[in-house]
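What follows is a set of notes on a single structure, which appears directly below.
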Amino acid sequence: MQVTIECHGASQRWCGAERFDLELPPGATVADALQALAARHPELAARRATLAVAIGEDIVDGARRLEPGAMLALIPPVSGG
Amino acid sequence: MQVTIECHGASQRWCGAERFDLELPPGATVADALQALAARHPELAARRATLAVAIGEDIVDGARRLEPGAMLALIPPVSGG
Amino acid sequence: MTPSRLRQGALNPAEFLGSTPPDCGGTAAFVGTVRNEHDGRAVTGIRYHAYAPLAERRLEQVEQEAQRRFGVRVRVAHAFGELVVGDASVVVVAQAGHRAEAFDACRWAIDTIKQSVPIWKEERYAGGEARFLEGTPIREVGQA
Amino acid sequence: MTPSRLRQGALNPAEFLGSTPPDCGGTAAFVGTVRNEHDGRAVTGIRYHAYAPLAERRLEQVEQEAQRRFGVRVRVAHAFGELVVGDASVVVVAQAGHRAEAFDACRWAIDTIKQSVPIWKEERYAGGEARFLEGTPIREVGQA
């Protein structure tokens with residue numbers, strides 16, 4: 001199945017794009033998606049512990065199972081204000 | 001000699017006027033002026049410990065000797081803000 | 001010429017938030033307004049009395065001492081005369097590099113104004129009565 | 001309809017100081033502006049990025065949680081997009097009966113915005129370079 005990754009803040013640099021699609025096996029979780037991204041993007045892998053993922057208005061945890069077509073927003077450490 | 005008393009805040013109520021002249025012996029001090037006021041105005045006498053006196057831009061202490069025609073501003077506890 | 005820090009009638013807080021210097025990252029501001037209630041009584045307005053020569057000087061000293069203590073640019077202003085509920089009676093604006101100093105300086109300045117500036121509140125109540133509030137004996141600006 | 005709390009371009013702080021409710025005696029405000037310097041480098045501007053769906057919600061939660069904790073009405077707004085030196089990026093206004101709660105709520109709200117709202121600073125430097133700042137891992141609004 002396919003999901004979309006939306007990269008915010010510095011995660012745009014780590015992944016080299018603001019938005020792209022990611023192919024995952026059916027039944028994959030948020031953690032699986034992060035694992036797949038970390039395997040391709042070493043800068044993201046190094047910062048994985050500080051990275052959150054949002055779907056819509058919610059921060060989701062690694063166990064969340066993904067729907068096909070889901071949009072995952074990568075939320076690196078924030079610096080507003 | 002004569003000095004002028006300017007009453008601010010609640011001291012207007014204690015003295016029953018906003019401004020009036022006060023007759024003092026030559027060489028009188030700020031403390032003498034307050035003593036004369038306290039003798040006439042019991043409400044002021046009761047609050048004398050919390051009352052300050054200003055001449056122009058300065059708070060003055062009791063030992064300050066008065067010039068004839070001096071203007072003494074009575075400064076009761078303040079409540080700005 | 002710097003506008004007076006002691007002004008007749010309600011203040012306009014927006015006037016003090018106009019522009020920030022380029023090295024300012026944080027502005028903390030305080031605006032005091034006339035409330036409709038005090039100690040359970042309905043308040044319709046407050047008349048602020050001031051001893052102007054010393055009040056002006058003390059307000060200026062508050063700005064200078066805040067700058068000295070916190071390294072922060074502070075502007076203060078206080079109203080005198082008749083104010084009604086909702087009117088702004090005092091404004092403090094502290095512009096700093098970072099927010100911690102801005103907050104500290106702003107809070108120090110308003111606390112100091114209340115203790116060191118010869119201004120008095122005469123509250124007006126719904127029934128028509130008026131009363132000077134109890135205050136605090138005046139202190140020097142630098143005095144703890 | 002309430003205007004959005006997340007807005008494109010510099011904020012106008014005066015907009016948030018318009019009127020105070022009659023039971024408000026103290027308004028504390030904080031305005032964050034773009035500085036011309038950071039870590040010794042000359043800054044020309046900051047591009048603020050936001051993840052809008054969550055940022056809007058979190059800004060609203062900051063207002064609600066401030067009200068719950070401090071009993072104070074708080075309004076917050078944050079800019080996104082390109083800002084230049086001197087532009088206002090964030091505004092917090094806390095209206096309370098008295099100044100202590102107003103300051104506490106205002107300070108809590110700006111501290112919480114910086115930790116809980118998905119917004120990122122991309123600083124632009126005099127030489128033309130740009131860089132995302134290091135931040136802090138995002139937290140829930142209520143989290144200490």
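When reading the values below, keep in mind they use all heavy atoms of this one structure, side chains included, and skip hydrogens, waters and symmetry mates.
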- Determine, stepwise, if the pair B:L66 / B:I55 fulfils side chain to side chain contact (heavy atoms under 4.5 Å, CB included). CA-CA 10 Å; B:L66 296 171; B:I55 296 178; 3.9 Å; yes
- Message: With a 4.5 angstrom heavy-atom cut-off, is it the side chain or the backbone of C:A50 that approaches chain B, or both, or neither?
- Response: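 Backbone only.
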- What part of C:A109 lies closer than 4.5 angstrom to a heavy atom of chain B: side chain, backbone, both or neither?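 Nothing of C:A109, per the 4.5 Å heavy-atom cut-off to chain B.
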- Item | C:A55 versus C:I119, closest heavy-atom pair with distance |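 Closest approach of C:A55 to C:I119, heavy atoms only: CB-CG1, 4.4 Å.
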- Minimum heavy-atom distance between C:P13 and C:A88, given as atom pair plus value: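 Taking C:P13 first and C:A88 second, the nearest heavy atoms are CG-CB, 4.0 Å.
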- Query: Is there a side-chain contact between B:C15 and B:L74 (heavy atoms, below 4.5 Å)?
  - Reply: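 A side-chain contact exists here, since the closest heavy-atom pair is under 4.5 Å.
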- May I ask you to test the C:V74-C:C106 pair for a side-chain heavy-atom distance under 4.5 Å?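 No; the side chains remain at least 4.5 Å from each other.
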- Query: Do you know which of B:V78, B:I59, B:L51, B:I75 has the most heavy-atom pairs with chain C at a distance under 4.5 angstrom?
  - Reply: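 Most heavy-atom pairs within the cutoff with chain C belong to B:V78.
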- Task: Heavy-atom pairs under 4.5 Å with chain C are the metric here; pick the option from B:A54, B:A49, B:G80, B:A73 that has the most.
- Result: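 Of the options given, most contacts go to B:G80.
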- Within residues 69-81 of chain B or reaching into it, pairs that qualify as salt bridge (Lys or Arg N to Asp or Glu O under 4.0 Å) - sequence neighbours excluded: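 Of all non-adjacent pairs touching residues 69-81 of chain B, none passes salt bridge (Lys or Arg N to Asp or Glu O under 4.0 Å).
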- Worked verdict on C:V91 versus C:L11 for side chain to side chain contact (heavy atoms under 4.5 Å, CB included): CA-CA 8 Å; C:V91 174; C:L11 304 174; 3.8 Å; yes
Can you list the donor-acceptor atom pairs spanning chain C and chain B that come in under 3.5 angstrom?
from, atom 1, to, atom 2, distance (Å)
C:Y48, OH, B:G81, O, 2.9
C:Y51, OH, B:G56, N, 3.3
C:Y51, OH, B:G56, O, 2.8
C:R57, NH1, B:E57, O, 2.7
C:R57, NH1, B:D58, OD1, 2.7
C:H78, NE2, B:G81, N, 2.8
C:S89, OG, B:G81, O, 3.1
C:I119, O, B:S79, N, 2.9
C:I119, O, B:G80, N, 3.2
C:W120, NE1, B:P76, O, 3.1
C:W120, NE1, B:P77, O, 3.1
C:K121, N, B:S79, OG, 2.9
C:K121, NZ, B:S79, O, 2.9
C:K121, NZ, B:G80, O, 3.4
C:E122, OE2, B:R13, NH2, 2.4
C:T136, N, B:V78, O, 2.9
C:T136, O, B:V78, N, 2.8

- Which atoms of B:A10 come close to chain C, meaning under 4.5 Å heavy atom to heavy atom: side chain ones, backbone ones, both, or neither?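 Answer is both: backbone and side chain atoms of B:A10 are under 4.5 Å from chain C.
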- Side-chain ion pair, C:R69 and C:E65, N-O less than 4.0 Å: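 Salt bridge between C:R69 and C:E65, a charged N being under 4.0 Å from a carboxylate O: yes.
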